[in-house]
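So the structure is just underneath, and the comments pick up after that.
For this chain, numbers begin at 1 and follow the sequence in order.
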Amino acid sequence: MLEKFLAKTSFDSYEDFMQNFHVNVPDNFNFGYDVVDEWARTNPDKKALLWTNEAGETIQFTFADIKRESDKAAAYFTSLGIGKGDMVMLILKRRYQFWFSIIALHKIGAVTIPATHLLTGKDIVYRCNAADIKAIVAVGDDIVIGHIQDAMPKCPSLQHVISIGPNVPDGWDDFTRGCDEAAPFVRPDNVNSNDDISLMYFTSGTTGEPKMVAHDFTYPLGHIITGSFWHNLHEDSLHLTLADTGWGKAVWGKLYGQWIAGANVFVYDFEKFKPVDVLHMIHDYHITSFCAPPTVFRFLIREDLTKFDISSLKYCTIAGEALNPSVYEEWKRLTGIKLMEGFGQTETTLTIATYPWLEPKPGSMGKKGPEYDIDLLTSDGRRAEDGEQGEIVVRTHEGHRPLGLFKEYYRDPQLTHEAYHDNIYHTGDVAWRDEDGYLWFIGRKDDVIKSSGYRIGPFEVESALMTHPAVVECAITGVPDEIRGQVVKATIVLAPAYRDKAGEDLIKEIQDHVKRTTAPYKYPRVVEFVDELPKTISGKIRRVEIRDKNKA
């Protein structure tokens with residue numbers, strides 16, 4: 001499949017990759033037809049999706065299966081009057097119907113809006129009215145169903161609510177029955193152009209309402225790098241990315257780049273994350289490639305790995321937040337596997353990564369890739385020197401936008417212009433570059449703490465904290481201070497052996513440890529011990545929630 005899109009499919013070095021990687025973009029590209037159906041035509045029995053759940057149910061879908069089921073779903077959606085340009089929200093957790101539905105929506109030219117099951121009725125009302133959502137396909141559990149039903153009277157654009165079961169309430173459409181009873185699918189004429197919107201995510205900023213990040217139909221091609229040259233996948237790979245389908249990381253790690261590479265995507269459908277369960281999955285199913293945020297690896301290294309045979313695991317990637325070097329070193333000691341870090345946003349695909357030809361520098365995101373012209377800009381607009389902090393930006397050129405860069409913030413030209421103007425997209429993230437070209441994450445512009453004239457990045461302090469044996473997890477935020485403007489606060493989850501020692505003596509010990517490990521002025525003047533940190537369902541720490549609590 002790679003040969004269909006790349007002039008050159010293998011590279012001898014990072015330099016070779018940077019100079020000679022090029023994607024041939026077909027006219028009117030459609031992932032449903034040009035990738036899924038093409039695999040089904042040329043290799044119908046090729047494994048595509050291995051799904052299992054907490055009850056032990058296991059189903060292996062081939063590409064022929066995915067084509068058949070997505071065609072049925074496309075026919076069903078068409079019978080409901082859903083077509084080109086219509087907005088459809090998917091709230092499907094990790095159910096396999098997500099893959100049937102998103103491919104089906106691609107095939108009819110509709111717009112997919114993946115969403116988390118954590119949305120409240122108010123969240124659903126906002127999204128439906130902001131995007132004129134026409135239909136919602138949802139898991140049939142009582143909480144999700146209840147929030148949608150609470151929202152429906154306030155959502156005039158919403159014409160269909162569709163449940164995949166087990167609960168299908170009165171007035172709802174039954175996804176399974178609808179797909180089974182639909183007439184055979186006929187591909188519509190003029191499904192899409194490359195510029196049409198195919199996928200849209202609502203992403204929250206630090207202030208204001210969620211932004212609507214719109215991607216066009218070429219977006220999946222931007223993930224060729226993600227699947228083949230970051231996850232390092234091939235046709236015999238079985239890849240697990242832990243993310244829930246409501247988050248952007250799902251299409252990064254559970255769909256586009258993986259299927260273009262011909263890998264088998266592993267999906268574990270669970271309600272609550274348990275580190276030991278992930279190890280069981282690797283052991284039982286012989287997973288070869290794994291991607292998760294650093295938080296997940298922090299928990300895995302505290303399990304007894306000798307109880308599991310994880311020798312099938314050959315490659316691990318990490319993203320979602322910056323990687324603490326101590327986690328890298330311990331995982332490598334326990335498994336022999338290097339964690340290969342990567343960076344991107346909902347608005348982009350993978351922009352910076354530790355590619356297979358690069359030796360990881362623990363804590364560094366890696367180097368820029370061939371699709372994005374990455375630079376660092378200081379607050380006065382200068383190109384940052386090596387060692388100097390700057391905002392990560394993407395430089396574009398007239399007539400050429402990088403594959404995977406978002407099309408716009410939907411229905412908000414002012415916000416689009418604020419982020420992307422003068423051929424520069426501003427990520428809002430701050431980093432520095434070393435003399436070898438490796439980039440090191442500092443934090444969001446909003447997360448950088450300004451204390452007594454110093455600019456302190458949360459990640460550096462968190463990395464220092466993580467080397468203390470008492471600290472399992474931590475988050476660094478700034479809290480207001482009348483004298484210094486802000487001071488550093490550490491919110492810490494303690495290791496079990498230290499929980500009964502929580503108090504002033506342990507706080508002083510941790511503070512002194514940070515002073516010895518990094519620049520003394522960066523130590524946390526405020527320390528709070530908590531049972532757990534607020535996280536997204538994909539395991540990413542929600543520092544914004546901690547900051548909001550600090551203000552209360």
Side-chain angles (χ1 to χ4, degrees), residues 293-295 297-298 301 318 321-333 339 341 343 354 360-366 376 378 384-392 429-436 438-479 481 483-495 498 504-530 533 541 543 546-547 550:
T295 301
F297 286 95
R298 289 186 197 121
I301 60 179
I318 195 160
E321 54 188 3
L323 169 65
N324 305 110
S326 59
V327 177
Y328 174 96
E329 297 294 351
E330 184 64 5
W331 180 255
K332 186 172 183 292
R333 185 186 73 80
L339 294 174
E341 195 167 352
F343 169 83
T354 306
K361 292 189 179 185
S364 166
M365 297 180 284
L376 301 180
T378 62
E385 302 294 332
D386 290 350
E388 187 178 16
Q389 293 183 15
E391 182 188 9
I392 303 170
D429 287 310
V430 178
W432 64 278
R433 181 182 55 251
D434 68 19
E435 65 278 5
D436 297 320
Y438 284 73
L439 291 153
W440 301 75
F441 185 77
I442 297 294
R444 292 290 297 171
K445 287 173 70 175
D446 296 331
D447 289 342
V448 174
I449 300 160
K450 299 171 185 174
S451 181
S452 298
Y454 293 110
R455 289 169 58 86
I456 302 170
F459 172 62
E460 193 171 3
V461 187
E462 289 169 0
S463 294
L465 281 166
M466 288 298 297
T467 61
H468 191 286
V471 180
V472 174
E473 288 189 288
C474 63
I476 292 296
T477 51
V479 293
D481 182 82
I483 297 173
R484 295 177 175 85
Q486 285 182 307
V487 295
V488 176
K489 176 185 176 182
T491 305
I492 296 172
V493 177
L494 290 173
Y498 286 82
E504 291 303 317
D505 288 345
L506 183 58
I507 288 173
K508 180 71 163 52
E509 180 183 330
I510 289 172
Q511 289 173 327
D512 289 343
H513 176 80
V514 173
K515 289 178 184 178
R516 292 191 300 270
T517 308
T518 187
Y521 68 85
K522 297 178 182 179
Y523 85 93
R525 296 175 182 270
V526 180
V527 176
E528 180 184 11
F529 299 124
V530 296
L533 296 174
I541 296 169
R543 288 172 183 78
I546 298 173
R547 286 201 303 270
N550 293 341

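For the side chain to side chain contact (heavy atoms under 4.5 Å, CB included) with M466, the lone residue among N324, T517, V461 that qualifies is N324. Of the residues listed (P520, S463, P524), the one engaging V514 in a side chain to side chain contact (heavy atoms under 4.5 Å, CB included) is P524, and it is the only one.
Counting heavy atoms from C-beta on, the side chains of I392 and V430 never come closer than 4.5 Å. Put simply, the side chain of W440 does not reach to within 4.5 Å of the side chain of E460, judged on heavy atoms. Annotation: side chain of F529 is in contact with side chain of L506 (closest heavy-atom distance under 4.5 Å). In this structure the side chain of V471 never reaches within 4.5 angstrom of the side chain of Y498, judged on heavy atoms. Side-chain contact between I318 and Y328: absent, with no pair of heavy atoms (C-beta onward) separated by less than 4.5 Å.
Within a 6.0 Å radius of NZ in K332, no more than 12 heavy atoms belonging to other residues, nucleotides or ligands are found. With a 6.0 Å radius and a threshold of 12 heavy atoms from other residues, nucleotides or ligands, E388 has its CD atom above the threshold.
With sequence neighbours left out, Y523 forms a side chain to side chain donor-acceptor pair (under 3.5 Å) with R525. Checked against salt bridge (charged side-chain N to carboxylate O under 4.0 Å, His left out), E341 has no partners two or more places apart in sequence or in another chain. Partners of F459 by ring pair (Phe, Tyr, Trp, His ring centres under 6.0 Å), not counting sequence neighbours: none found. Evaluation of the side chain to side chain donor-acceptor pair (under 3.5 Å) rule for S364 yields no partner, not counting sequence neighbours. Judged as a side chain to side chain donor-acceptor pair (under 3.5 Å), and not counting sequence neighbours, the contacts of R333 are E330. In terms of the salt bridge (charged side-chain N to carboxylate O under 4.0 Å, His left out) criterion, residue partners of K508 (sequence neighbours excluded) are, by chain and number, D512.
Looking only at distances, a side-chain donor or acceptor of R433 sits under 3.5 Å from a matching main-chain atom of A384. Remark: side-chain polar atoms of S451 are paired, donor with acceptor, to backbone N or O of Q486 under 3.5 angstrom. Although no hydrogens or angles enter the test, the distance criterion places no donor-acceptor pair under 3.5 Å between the side chain of D436 and the main chain of Y438.
A475 approaches L533 most closely through the heavy-atom pair N-CD1, 4.2 Å. Considering every non-hydrogen atom in both S326 and T467, the closest pair reads CB-CG2, 4.0 Å.
Atom CD of Q511 is separated from atom CG of L465 by 10.0 Å, given to the nearest 0.5 angstrom. Of the inter-residue distances, the one linking D481 atom CG with K489 atom NZ reads 13.5 Å to the nearest 0.5 angstrom. To the nearest 0.5 Å, atoms CD1 (I492) and CD (E473) are separated by 11.5 Å. In this structure, NE2 in H513 is found 10.5 Å from OG1 in T518, a value given to the nearest 0.5 Å. With rounding to the nearest 0.5 Å, the separation of CD1 in I449 from CD1 in I476 is 6.5 Å. Separation of atoms CD1 (I301) and CD (E329) is listed at 11.0 Å; rounding is to 0.5 Å.
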Exercise. Mind running side-chain contact (heavy atoms from CB on, under 4.5 Å) on K361 and D434 for me, showing each step along the way?
Key: CA-CA 11 Å; K361 292 189 179 185; D434 68 19; 2.9 Å; yes
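F343 and F441 have tilted rings, their planes meeting at an angle from 30° to 60° on a 0 to 90° scale.
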